[in-house]
Amino acid sequence: MPEPQKKKLDLNRREMPKQPPEVRRHNFNEVALGYPVEIAVQEAKRCLQCKNPKCVAQCPVEIDIPGFIKSIAEKDFAAGTRILKDKNCLPAMCGRVCPQEEQCEEVCVLVKKGGQIAVGRLERFLADWEAEQGKLEMPKIPPSTGRKVAVVGGGPAGLTVAGDLIKLGHQVTIFEALHEVGGVLIYGIPEFRLPKVIVKREVEYLKKLGVEVVTDYVVGKTRSIDSLLEEFDAIFVGSGAGLPWFMDVPGENLNGVYSANEYLTRMNLMKGFLFPQFSTPIKNHKRVAVIGGGNVAMDCARTALRLGAESRIIYRRSRQELPARLEEIENAEEEGVIFDFLTLPIRYIGDENGWVKEIEYLKMKLGEPDSSGRRRPVPIEGSETIIPMDAVVCAIGNSPNPLIAAATPGLEVGKKGNIVADEETGKTSKKRVWAGGDVVTGAATVILAMGAGRKAARSIHEYLCSL
Amino acid sequence: MFKVIESQMIVPNIHLLMLEAPAVARQMKPGQFVIVRADDGGERIPLSIADWDVEEGTVTVVVKNIGSTTDHLASLRAGVSIPTVVGPLGNPTEIKEYGTVLCLGGCYGIGSIFPIARALKEKKNKVITVIEARSSYLLYWEEKLKEVSDELICITRDGTKDHRGHVGRLTEIIKSSEPINRIIINGCTFLLKRGSDMSRPLGIKTVVSLNPIMIDGTGMCGVCRVTVGKTTKFACVHGPDFDGHEVNWAELLQRRKTYMREEVIPLRTSRCEEHAITSSPE
Ligand SMILES: Cc1cc2nc3c(=O)[nH]c(=O)nc-3n(C[C@H](O)[C@H](O)[C@H](O)COP(=O)(O)OP(=O)(O)OC[C@H]3O[C@@H](n4cnc5c(N)ncnc54)[C@H](O)[C@@H]3O)c2cc1C
Ligand SMILES: Cc1cc2nc3c(=O)[nH]c(=O)nc-3n(C[C@H](O)[C@H](O)[C@H](O)COP(=O)(O)OP(=O)(O)OC[C@H]3O[C@@H](n4cnc5c(N)ncnc54)[C@H](O)[C@@H]3O)c2cc1C
Ligand code: FES
């Protein structure tokens with residue numbers, strides 16, 4: 001018998017090890033464990049190094065994807081990290097939470113040859129490798145230009161602007177309303193998907209580069225944009241889309257009904273799962289229903305599960321229309337989250353003490369496509385059903401918080417409360433004020449917020465150089 | 001970090017804290033509040049402002065020690081620092097020329113009604129301040145309040161000062177001081193509710209500073225929602241002041257109890273063991 005051919009490459013996309021569902025549904029540790037070195041190199045070797053890589057064009061921050069993958073294949077991880085960080089200052093996070101399946105990986109030509117290159121997993125691999133080395137490579141920072149920039153909000157948009165501008169020699173101060181910087185990455189996305197030490201590491205890196213961080217500072221309250229403009233040459237507003245929506249159905253103010261923001265903030269920012277060691281409480285409910293079908297809903301449902309609840313998603317369309325990332329839907333399914341599709345809550349029923357005890361819902365069927373191109377759910381007459389429930393988490397969406405806009409004369413605001421800004425430059429209607437991220441687009445993604453930050457930083461830099 | 005400049009128990013179980021927070025002090029207006037954390041793992045809790053000094057860069061709060069965070073705050077001594085003092089949050093109390101305004105304060109609200117009375121007085125209103133407590137030894141800041149009020153009236157449940165009884169006595173106080181154009185109430189939820197109940201039949205506009213559970217104080221979490229009239233409002237950004245005749249009190253009282261079961265957990269022990277460890281002379 002001939003020896004098995006050693007040279008023959010396994011062409012399939014490499015799986016990333018994960019905590020088994022039975023184990024991880026009882027802990028708050030990260031679910032996905034990352035590629036070991038060997039597997040990362042094997043995966044990187046699959047890349048065809050296309051002459052005209054389509055993946056780069058699909059990346060909102062234009063990372064040289066084949067470039068860093070080549071370095072991994074050659075085991076020159078330091079070089080790979082440099083290439084990656086040249087365009088993306090937050091790779092450990094993007095590698096974990098970006099919807100690569102809709103971006104770079106979507107257009108990979110390997111799709112029919114064992115699967116797209118796992119760009120996200122490789123990105124994460126490099127970022128984690130660098131962190132493990134324990135020494136961060138510091139970029140050279142040019143002499144100070146003496147120009148001062150204020151960044152409002154410490155989410156991915158603001159962090160990107162701060163990172164880009166500090167590296168160009170400007171002075172940067174981030175003003176953050178909460179007591180920690182990171183935006184949704186800190187208060188929203190759970191520990192099991194994005195460990196908070198990673199976010200903190202990236203923020204520490206920015207501080208080392210010289211970015212000043214002021215927390216507990218609500219711009220529009222503690223100080224107005226106009227007053228900041230007296231001290232700073234330019235301002236970037238990246239205050240996110242932090243205003244939670246409710247459905248306006250009866251019983252929504254019963255005890256046990258939460259917004260996703262409240263539920264996740266108690267859990268992540270305030271570390272409710274470590275109560276009473278951390279002093280903000282979170283309830284351990286028996287049965288939790290999460291309304292919605294996006295990433296936020298998945299995060300809430302998986303959090304409830306880990307707190308010991310029977311956890312279900314109530315979504316008015318079908319599985320096919322779920323807006324969450326497929327990976328997260330599959331994770332939730334594996335862990336045992338129950339999915340009630342084509343279901344619309346119409347009423348929450350309380351007990352004699354004002355606690356929610358039941359949900360009444362309608363069954364739906366899919367009708368004609370609506371403006372979003374998805375088939376519109378229509379109620380089935382007479383399908384009202386009541387089921388017992390101890391808690392409801394409303395995860396149907398967020399819009400920009402009107403606080404800053406209301407306190408800033410001359411700042412144009414769109415219909416949905418979003419700040420109006422030029423798509424290419426981030427310039428707003430107010431002189432010396434730029435904006436980007438969720439506050440402009442409405443709730444979107446980490447990488448889009450970073451992309452907007454990058455463009456705004458470029459435009460701010462041009463402006464500062466023209467002074 | 002925000003330094004504690006002064007810490008004092010002004011009457012049993014009620015503490016005054018003066019905190020160094022210059023940026024907050026600069027913008028402060030009567031009726032606004034701050035959110036504080038007593039330590040790094042600490043809960044964010046809202047506290048109304050009782051006074052401030054722009055030049056010194058300080059804000060003063062009056063805290064009733066009722067649970068784990070307020071207990072921790074009460075134990076802080078001058079010189080130490082706490083990690084969060086953020087604000088000013090909420091809308092200021094509307095201050096206009098109304099004519100005669102009755103300011104009612106109880107518990108920590110005796111402190112936070114002070115800057116409101118002061119601002120009303122500056123606007124040339126006739127200010128009648130009513131303060132309420134179980135007994136006269138729980139009343140504080142009487143001299144300070146007299147300075148900004150045309151009249152100061154006390155209600156004590158045991159009758160040790162002025163009127164004996166509860167907020168129920170408000171009706172007769174109002175009637176004997178008519179006409180009253182507006183009532184403003186600060187303090188515990190029960191006081192806010194009873195005060196509004198008293199003034200409703202008299203048809204006097206009554207403004208209450210609501211105190212639901214809060215986290216961020218900027219409109220991000222929605223835990224502070226209250227029903228006013230027929231609409232849901234976020235007390236931290238739409239309030240904290242609302243029309244007391246429009247508030248759904250049953251809902252507010254209920255929502256404030258959400259974490260009652262959890263709140264007692266940190267208080268179950270007197271933490272003697274901890275104290276024994278941290279204060280042993282070794
Ligand atoms: C639960 C959850 C899960 C998600 N999962 C994913 C995912 O898997 N993949 C993905 O790509 N995206 C995901 N997203 C979306 C993504 O997190 C956001 O699109 C992104 O964080 C937007 O970045 P940003 O910088 O614009 O705003 P944010 O991250 O919202 O940051 C804004 C910051 O500004 C601060 N701020 C607000 N107002 C003020 C003020 N007045 N003064 C000072 N500071 C202020 C806020 O406190 C906050 O820190 C998720 C969102 C949530 C809520
Ligand atoms: C706008 C506003 C202004 C306030 N001003 C003052 C003040 O000037 N002085 C003062 O002593 N108190 C004030 N309060 C009430 C104060 O915030 C609570 O007493 C405090 O949070 C209790 O915390 P604890 O950990 O000591 O007690 P816990 O044992 O945790 O709670 C005791 C009770 O306080 C309420 N509470 C608990 N957590 C919160 C929270 N995060 N936010 C709001 N309420 C909570 C609940 O109803 C609970 O039943 C104010 C509340 C609001 C909303
Ligand atoms: S405290 Fe969070 S929205 Fe009011």
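Chain naming here is simple, since letters A, B, ... match the order of the sequence lines and numbering starts at 1 in each.
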Pairing of B:E94 and B:K96 as salt bridge, 4.0 angstrom limit:
yes

Could you tell me which portion of B:Q254 (side chain, backbone, both or neither) has an atom closer than 4.5 angstrom to a non-hydrogen atom of chain A?
both

Using heavy-atom distances under 4.5 Å, tell me whether A:P281 contacts chain B through its side chain, its backbone, both, or neither.
both

Kindly check if the number of other-residue, nucleotide or ligand heavy atoms within 6.0 Å of CG (A:D248) is above 12?
no

Measure the spacing between CG of B:L19 and OG of B:S81 and express it to the nearest 0.5 Å.
9.5 Å

Is the closest basic N to carboxylate O distance between A:D390 and A:R287 below 4.0 Å?
yes

Side-chain donor-acceptor pair present, B:D216, B:T218, cut-off under 3.5 Å:
yes

Are B:V208 and B:W249 side-chain neighbours, meaning at least one heavy-atom pair lies under 4.5 Å?
yes

Taking atom NZ as the centre, does B:K3 end up with more than 12 heavy-atom neighbours from other residues, nucleotides or ligands that are less than 6.0 angstrom away?
no

Looking only at heavy atoms and a cut-off of under 4.5 Å, which of A:Y187, A:Y217, A:Y258 has the most pairs with chain B?
A:Y187

A:K271 portion near chain B, given a 4.5 angstrom heavy-atom threshold
neither

If one checks every heavy atom of A:Y263 against chain B at 4.5 Å, the contacting part turns out to be neither

Output the option from B:G42, B:A23, B:G41, B:G90 having the highest count of non-hydrogen pairs under 4.5 Å with chain A.
B:G41

Select one option (side chain, backbone, both, neither) describing which atoms of A:L178 are under 4.5 Å from chain B's heavy atoms.
both

Result for salt bridge (charged side-chain N to carboxylate O under 4.0 Å, His left out) between A:K148 and one of A:E231, A:E230, A:E212 points to A:E231

Between A:L254 and chain B, with a heavy-atom cut-off of 4.5 Å, which part of the residue counts as in contact: side chain, backbone, both or neither?
backbone

Using heavy-atom distances under 4.5 Å, tell me whether B:L252 contacts chain A through its side chain, its backbone, both, or neither.
neither

Give, as side chain, backbone, both or neither, the part of A:N401 having an atom under 4.5 angstrom from any heavy atom of chain B.
side chain

Taking side chain as everything from C-beta outward and backbone as N, CA, C, O, which of these in A:L264 sits under 4.5 Å from a heavy atom of chain B? Side chain, backbone, both or neither.
neither

Looking only at B:R26, B:E262, B:M220, the option with the highest number of non-hydrogen pairs under 4.5 Å against chain A is B:M220

Using non-hydrogen atoms only, which part of A:T222 is less than 4.5 Å away from chain B: side chain, backbone, both, or neither?
both

Judged by modelled atom types alone, do B:R256 and B:T189 share a side-chain donor-acceptor pair under 3.5 Å?
yes

Which atoms of B:R37 are under 4.5 Å from chain A, going by heavy atoms: the side chain, the backbone, both sets, or neither?
side chain

B:V223 versus chain A, the contacting section by heavy-atom distance below 4.5 Å:
both

Residue, of B:R255, B:E251, B:E263, that accumulates the most heavy atom pairs under 4.5 Å with chain A:
B:R255

Most contact-rich option vs chain B, by heavy-atom pairs under 4.5 angstrom, among A:K283, A:M270, A:Q277, A:E252, is A:K283

Are A:R201 and A:E204 close enough for a salt bridge, meaning some N to O gap below 4.0 Å?
no

Among the listed options B:M28, B:E43, B:H72, the residue most often paired with chain A at heavy-atom distances under 4.5 Å
B:E43

Do B:V36 and B:T84 come close enough that some side-chain heavy atom pair is under 4.5 Å?
no

